[in-house]
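Right, one structure below, let's go through it.
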Number of protein chains: 2
Amino acid sequence: MFFSQRKTQYALRAIYELAKRHGEGPTKISEIAKVQGIPTRFLEVILNQLKASGMVESKRGFYGGYRLIRQPGDITIGDVLRYMQKSAGHSACIACVAEESCPFDGNCVFSDMWKRVHTEVYKIFDGTTIEDLVHHGSS
Amino acid sequence: MFFSQRKTQYALRAIYELAKRHGEGPTKISEIAKVQGIPTRFLEVILNQLKASGMVESKRGFYGGYRLIRQPGDITIGDVLRYMQKSAGHSACIACVAEESCPFDGNCVFSDMWKRVHTEVYKIFDGTTIEDLVHHGSS
DNA sequence: TTGTTTCTTGACTAATACAGTCGGAAAGTA
DNA sequence: TACTTTCCGACTGTATTAGTCAAGAAACAA
């Protein structure tokens with residue numbers, strides 16, 4: 001529905017990790033991977049993909065790594081989820097695989113409820129910034 | 001997260017179809033399959049599984065089929081989702097695959113938000129009955 | 001009784017999406 | 001130069017899910 005993919009989960013955690021180090025120099029992929037228990041080669045792929053979102057930038061070489069280019073308080077969970085799900089497919093409705101395959105023919109009885117769920121969920125996701133998470137607890 | 005499995009989607013639509021015919025005699029699997037565009041053999045499996053939930057009952061023979069044994073107004077979307085997801089695995093958190101694999105060690109920074117999302121979503125699911133859907137539109 | 005219709009059951013196969021890997025190239029630092 | 005890091009695209013493996021099949025049991029009709 002909204003995520004549940006490893007890739008998205010790792011993306012969230014990686015960005016969280018970058019936010020913790022915001023203001024410092026770039027953080028290496030290997031460092032994030034280690035702290036968050038994410039397979040390094042896989043994280044390479046993910047962070048690289050995130051660059052196009054404008055949330056992070058990278059630098060190669062010895063002092064290279066990744067850093068946030070937006071303020072942690074300006075990046076919401078919703079931003080990250082939306083971006084990661086855009087590449088993956090997301091289901092348009094709870095009862096249909098895709099809009100085109102809806103047997104209810106444009107008058108889907110589930111769609112109202114589905115929209116309400118979507119709205120409520122993104123109200124929370126868009127109302128929570130990465131900074132909120134950083135200031136939440138330890139880890 | 002909450003579903004997005006075909007099986008669950010089909011289950012919802014099958015139950016909706018039964019609700020539309022509530023009060024009449026049993027409805028055949030093949031009938032539901034046809035109307036809702038669900039593979040017949042697959043729907044057999046799904047409805048059979050639903051029997052154990054106490055929402056539907058079946059009858060064999062010429063005048064056989066399935067029928068609801070609870071009132072449509074008494075069955076919520078949440079009931080169906082919970083039942084179908086129980087057999088499948090559901091992720092415990094947005095950022096972790098499973099509680100045990102949480103790198104935040106019991107102090108997960110995502111978990112508060114995740115719980116709020118879960119609460120809001122099921123508030124809607126549990127507040128919507130199958131009857132609500134039947135009285136919603138045509139199809 | 002016999003035949004037909006329908007559900008029942010469990011095992012089976014097929015597809016596919018996703019997680020994760022690998023090798024080597026490019027870029028930055030010293 | 002030597003070294004470290006990201007970059008890129010192709011690749012593999014695997015687990016899950018979708019969906020099928022065949023034989024059998026119950027219910028009913030004639």
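A note on names: the letters A, B, ... follow the listed sequences, proteins ahead of strands, and every chain is numbered from 1. What you see is a predicted model; the values in this text were computed from it and never measured.
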Measuring to OP1 and OP2 of [N], would you say a side-chain N or O of [X] lies under 4.0 angstrom away?
X	N	answer
B:Ser58	C:dT6	no
A:Tyr10	C:dG20	yes
A:Asn48	D:dT6	no

Please determine whether a side-chain nitrogen of the Lys or Arg among [X] and [Y] lies less than 4.0 Å from a carboxylate oxygen of the Asp or Glu.
X	Y	result
B:Arg21	B:Glu24	no
A:Glu31	A:Lys34	no
B:Lys20	B:Glu17	yes
B:Glu120	B:Arg116	no

Measure from the side chain of B:Arg6, starting at C-beta and using heavy atoms only, and say which of C:dT8, D:dA18, D:dC7 lies closest.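 For B:Arg6, the side-chain atoms sit closest to D:dA18.
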Nearest whole angstrom, please: distance from the [atom2] of [N] to the [atom1] of [X].
X	N	atom1	atom2	answer
A:Leu18	D:dT6	CG	P	11 Å
B:Lys51	C:dC7	NZ	P	11 Å
A:Ile46	C:dT21	CD1	P	11 Å
B:Gln49	D:dG19	CD	C1'	14 Å
A:Arg67	D:dT6	CZ	C1'	14 Å

Please list, chain by chain and in numerical order, all residues satisfying salt bridge (charged side-chain N to carboxylate O under 4.0 Å, His left out) with B:Asp74, sequence neighbours excluded.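 Result, salt bridge (charged side-chain N to carboxylate O under 4.0 Å, His left out) vs B:Asp74: B:Arg70.
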What N/O pairs connect the protein and nucleotides 20-23 of chain D at under 3.5 Å? Give each pair on its own line.
unit_1	atom_1	unit_2	atom_2	d
D:dA22	N7	B:Arg41	NH2	2.9
D:dA22	N6	B:Arg41	NH2	3.4

Do the non-hydrogen side-chain atoms of B:Phe42 and B:Ile46 ever get within less than 4.5 Å of each other?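 Yes, their side chains come closer than 4.5 Å.
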If I take atom CD1 from residue A:Ile77 and atom CH2 from residue B:Trp114, how far apart are they, to the nearest 0.5 angstrom?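 One finds 11.5 Å between CD1 of A:Ile77 and CH2 of B:Trp114.
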Ignoring hydrogens and geometry, is there a side-chain-to-backbone donor-acceptor pair from B:Asp132 to B:Thr129 under 3.5 Å?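 Present.
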Grab the N/O contacts between the protein and nucleotides 11-16 of chain D below 3.5 Å, and write none if there aren't any.
none

Excluding sequence neighbours, so at least two apart, what forms ring pair (Phe, Tyr, Trp, His ring centres under 6.0 Å) with B:Tyr63?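 Ring pair (Phe, Tyr, Trp, His ring centres under 6.0 Å) list for B:Tyr63, sorted by chain: empty.
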Give A:Leu47 one of three labels, base, sugar-phosphate or nothing, depending on what nucleic acid heavy atoms sit under 4.0 Å from its own.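 Nothing: the residue A:Leu47, judged by heavy atoms under 4.0 Å, touches no strand.
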Between side-chain atoms of residues 54-62 of chain B and protein atoms elsewhere (two or more places apart, or another chain), which donor-acceptor pairs fall under 3.5 Å?
unit_1	atom_1	unit_2	atom_2	d
B:Glu57	OE2	B:Arg67	NH1	3.4
B:Ser58	OG	B:Lys51	NZ	3.4

Minimum heavy-atom separation for A:Leu43 and A:Ala14, please, with both atom names.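 Closest pair (atom of A:Leu43, atom of A:Ala14, distance): CD1-CB, 4.0 Å.
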Pairwise N/O distances under 3.5 Å, protein to nucleotides 27-30 of chain D:
unit_1	atom_1	unit_2	atom_2	d
D:dC28	OP1	B:Lys59	NZ	3.0

5'-most by nearest nucleotide on DNA chain C - A:Gly64 or B:Ile29: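 Closer to the 5' end of DNA chain C: B:Ile29.
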